[in-house]
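One structure is given here, and the rest of the page talks about it.
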Amino acid sequence: MNFDMHDKFREECGVFGIWGHPEAARLTYLGLYSLQHRGQESAGIVSSDGNRLFSERGMGHVSEIFTEEAFRRLPGNRAIGHVRYSTAGEVSINEAQPFAIKCHWGEIATCHNGNLPFASDMRRELEAEGAIFSSTSDTEVVLHKLARSRKTSLYEAVVETFRTVEGAYSILIQTPDCLIAVRDVHGFRPMCIGQLDEHSYVVASETCAFDLIGATYLRDVQPGEVVMINQDGIHAQSPFPEHKPAFCIFEHVYFSRPDSLVFGRSVNKSRHKMGKRLALEHPVPADIVVPIPDSGVAAAIGYAAESKINFRFGLVRNHYVGRTFIEPQQAIRHFGVKVKLNPVRDLLEGKRVILVDDSIVRGTTSRKIVEMVRRAGATEVHMRISCPPTISPCYYGVDTPTYKELIAFNSTIEEIREFINADSLGYLSHQGLLTACGADEGLSFCSACYTGKYPLQTPHQSQAEKAKVLAHSKRVANHRE
């Protein structure tokens with residue numbers, strides 16, 4: 001039984017790379033451990049001793065895969081690693097990254113955070129030319145295009161390859177003698193650079209991976225930048241035409257750890273501001289503010305601070321539940337939610353409760369949590385969401401439901417309130433979210449999941465869906481609680 005009880009967008013993937021450290025594989029393991037929240041299906045590390053590549057991949061969590069025996073098979077002072085949750089492709093060891101191949105460039109390994117919306121079209125073209133694929137991942141399409149390049153250097157081959165690839169990618173490429181980081185021209189997915197000592201550089205999806213190993217954050221890999229690290233040091237160029245950035249705003253809403261800097265900005269700071277703005281936009285008389293842990297905590301603290309209503313952990317999360325759990329033979333009502341969350345009755349009983357969460361996707365889990373809080377004795381339950389209604393899927397590296405599964409695409413806010421059985425429901429406005437995340441400080445975001453306006457062409461959205469999204473966006477903009 002799967003217990004993704006939060007009924008939310010699923011994490012994408014996380015990447016980590018290190019150059020020039022004698023314990024490269026072990027430090028990569030620690031970096032991936034810090035990024036485990038970005039993917040729990042599989043993980044892998046490819047290391048190099050300067051002559052060849054060594055690979056270890058497995059299904060499950062990082063700590064389940066990498067043993068002392070595995071580290072003995074990962075020698076060298078450079079490595080890249082990956083934690084995966086599939087946004088494209090199947091779930092099997094064949095899909096676990098990094099992928100490693102041999103071609104006319106020698107040995108190459110790569111791992112990717114993001115999604116290439118038109119990868120299936122590129123795959124069909126390559127297969128028609130005789131290419132053979134070992135996985136369903138869009139990352140392997142990049143490897144094939146790289147291996148087919150006839151440029152005179154690997155750097156030129158990388159540039160040529162990514163000139164023809166459209167989508168979201170923060171990707172690491174490793175050969176025995178260099179480490180290359182590439183970020184797409186819009187910068188959808190995060191990627192940052194750090195330094196561990198005088199000669200060791202690290203690259204990761206989030207800065208929390210640097211903190212555990214004692215590395216210092218230097219800067220972000222810029223959108224459209226190619227960073228090459230080798231024995232001569234670190235070299236960066238921006239060989240692609242400049243585009244307007246479109247940072248994934250959901251990184252700040254939910255995906256990233258609150259202790260990370262993402263897009264150069266504190267995630268915790270953004271979430272705290274979301275909560276404060278939410279309290280201004282949707283105030284309500286109440287006795288306590290309760291976060292839905294863990295993703296709602298920072299916003300709930302902000303809401304409580306602005307509203308001057310007491311903050312309380314009225315729901316306790318069981319952190320020791322694994323990815324699966326043995327369900328009792330006799331059905332227990334809402335078992336999946338109960339095994340993850342339990343109400344603190346003496347805090348909730350007789351109280352008017354404000355529940356704060358970061359999103360409602362399908363609405364089924366929110367409904368169960370509201371019922372749980374009512375059964376614990378709450379007299380009123382008010383739901384507050386620290387982002388706008390989610391009305392569109394993501395095509396840039398986030399696993400999202402289809403239009404028909406998104407409750408906000410098919411329902412009004414009042415209909416959602418009735419469905420989850422809350423006394424009131426308030427979403428943060430789109431402008432409020434942008435401001436909280438730093439739009440007024442110059443950051444430019446992709447918020448297509450809330451607006452239906454995509455920075456790039458999408459391969460799946462029909463004209464009817466586009467029209468309905470537009471109408472829904474206008475309705476939400478005119479809505480006032």
Side-chain angles (χ1 to χ4, degrees), residues 1-11 37 253-255 257-259 267-268 271-272 274-276 278-279 282 284-323 325 327 332-387 390 407 416-417 419-428:
M1 181 176 178
N2 185 288
F3 283 100
D4 183 31
M5 53 72 62
H6 283 293
D7 182 26
K8 300 185 184 299
F9 287 1
R10 292 293 296 269
E11 297 88 340
H37 60 286
V253 172
Y254 175 61
F255 287 132
R257 272 180 33 171
D259 53 331
V267 174
N268 183 72
R271 292 178 185 168
H272 191 261
M274 291 174 207
K276 295 185 73 172
L278 185 59
H282 296 286
V284 63
D287 301 304
I288 57 173
V289 175
V290 174
I292 296 180
D294 290 321
S295 58
V297 172
I301 292 173
Y303 192 105
E306 184 64 35
S307 65
K308 305 297 191 294
I309 299 173
N310 288 332
F311 173 91
R312 291 290 185 269
F313 281 105
L315 293 169
V316 176
R317 181 182 176 189
N318 181 2
H319 287 270
Y320 302 99
V321 176
R323 287 163 290 132
F325 198 88
E327 186 175 3
I332 295 178
R333 185 174 174 83
H334 305 327
F335 180 77
V337 173
K338 289 179 178 179
V339 80
K340 273 286 188 79
L341 293 178
N342 199 45
V344 183
R345 183 174 291 274
D346 70 310
L347 289 178
L348 302 173
E349 194 167 19
K351 299 293 197 307
R352 297 169 298 172
V353 177
I354 299 173
L355 289 176
V356 179
D357 205 358
D358 62 87
S359 61
I360 298 177
V361 180
R362 296 180 179 88
T364 52
T365 299
S366 298
R367 181 176 183 169
K368 293 172 184 177
I369 293 174
V370 169
E371 180 180 339
M372 176 188 290
V373 172
R374 288 194 187 281
R375 290 169 67 88
T379 58
E380 298 176 14
V381 182
H382 303 275
M383 181 70 82
R384 294 295 180 266
I385 305 299
S386 61
C387 71
T390 304
I407 190 171
I416 299 171
R417 183 201 66 76
F419 177 78
I420 67 174
N421 193 29
D423 291 283
S424 71
L425 170 63
Y427 287 90
L428 182 62

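Keep in mind it's a predicted model, so treat the numbers as computed, not measured. We use all heavy atoms of the structure for the numbers below, so side chains are in, but hydrogens, waters and symmetry mates are not.
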- Task: For D358 and I385, run side chain to side chain contact (heavy atoms under 4.5 Å, CB included): C-alpha distance rounded to whole Å, both residues' side-chain angles, the deciding distance at 0.1 Å, then the answer.
- Result: CA-CA 5 Å; D358 62 87; I385 305 299; over 6 Å; no
- Worked verdict on V344 versus V316 for side chain to side chain contact (heavy atoms under 4.5 Å, CB included): CA-CA 7 Å; V344 183; V316 176; 3.5 Å; yes
- Query: Heavy-atom distance under 4.5 Å between the side chains of L315 and V290, does that happen here?
  - Reply: yes
- Item | Under 3.5 Å donor-acceptor, R384 side chain and H282 backbone | yes
- Item | Close side-chain approach of S386 and R271, heavy atoms under 4.5 Å | no
- State, yes or no, whether a side-chain contact exists between I360 and L425 at a heavy-atom distance under 4.5 Å. yes
- Item | Positive for side chain to side chain contact (heavy atoms under 4.5 Å, CB included) with R374, one of N421, T379, I369 | N421
- Item | S295 OG to D357 CG distance, which is reported to the nearest 0.5 Å | 4.5 Å
- Interatomic spacing from CD1 in I354 to OG in S307 - rounded to 0.5 Å: 5.5 Å
- Nearest non-hydrogen partners of P343 and M372, listed with the distance: CD-SD, 3.6 Å
- Message: Is there a side-chain contact between H272 and I301 in this structure, where contact means two heavy atoms from C-beta onward sitting under 4.5 Å apart?
- Response: yes
- Task: Locate the shortest heavy-atom distance separating G426 from L278; write the atom from each residue and the value.
- Result: O-CD1, 4.0 Å
- Message: Checking the side chain of D423 only, and the main-chain atoms of V381 only, is there a donor and an acceptor separated by less than 3.5 Å?
- Response: yes
- Message: I need the I292 CD1 to S366 OG distance, nearest 0.5 Å.
- Response: 5.5 Å
- Side-chain heavy-atom pair I309, D287 within 4.5 angstrom cut-off: no
- R317 side, atom CZ; K340 side, atom NZ - distance, nearest 0.5 Å: 5.0 Å
- Does a side-chain heavy-atom distance below 4.5 Å link I288 with F311? no
- Message: For a quick test of reading the model, state the closest non-hydrogen atom pair linking R352 to A286 and the distance between them.
- Response: O-CB, 3.5 Å
- Would you name the heavy atoms of R417 and A422 that are closest together and state the gap between them? NH1-O, 2.6 Å
- Task: Could you check if a side-chain atom of I420 sits within less than 4.5 angstrom of a side-chain atom of M383, using non-hydrogen atoms only?
- Result: yes
- Query: Can you list the steps and then say if N342 with N318 is a side chain to side chain contact (heavy atoms under 4.5 Å, CB included)?
  - Reply: CA-CA 8 Å; N342 199 45; N318 181 2; over 6 Å; no
- With side chains defined as the heavy atoms from C-beta onward, is the minimum distance between Y427 and I416 less than 4.5 Å? yes
- Task: Establish, yes or no, whether the cationic atom of R367 lies under 6.0 Å from the six-membered ring centre of F419 and within 45° of the ring axis.
- Result: yes
- At what distance, to the nearest 0.5 angstrom, does CG of L428 lie from OH of Y303? 11.5 Å
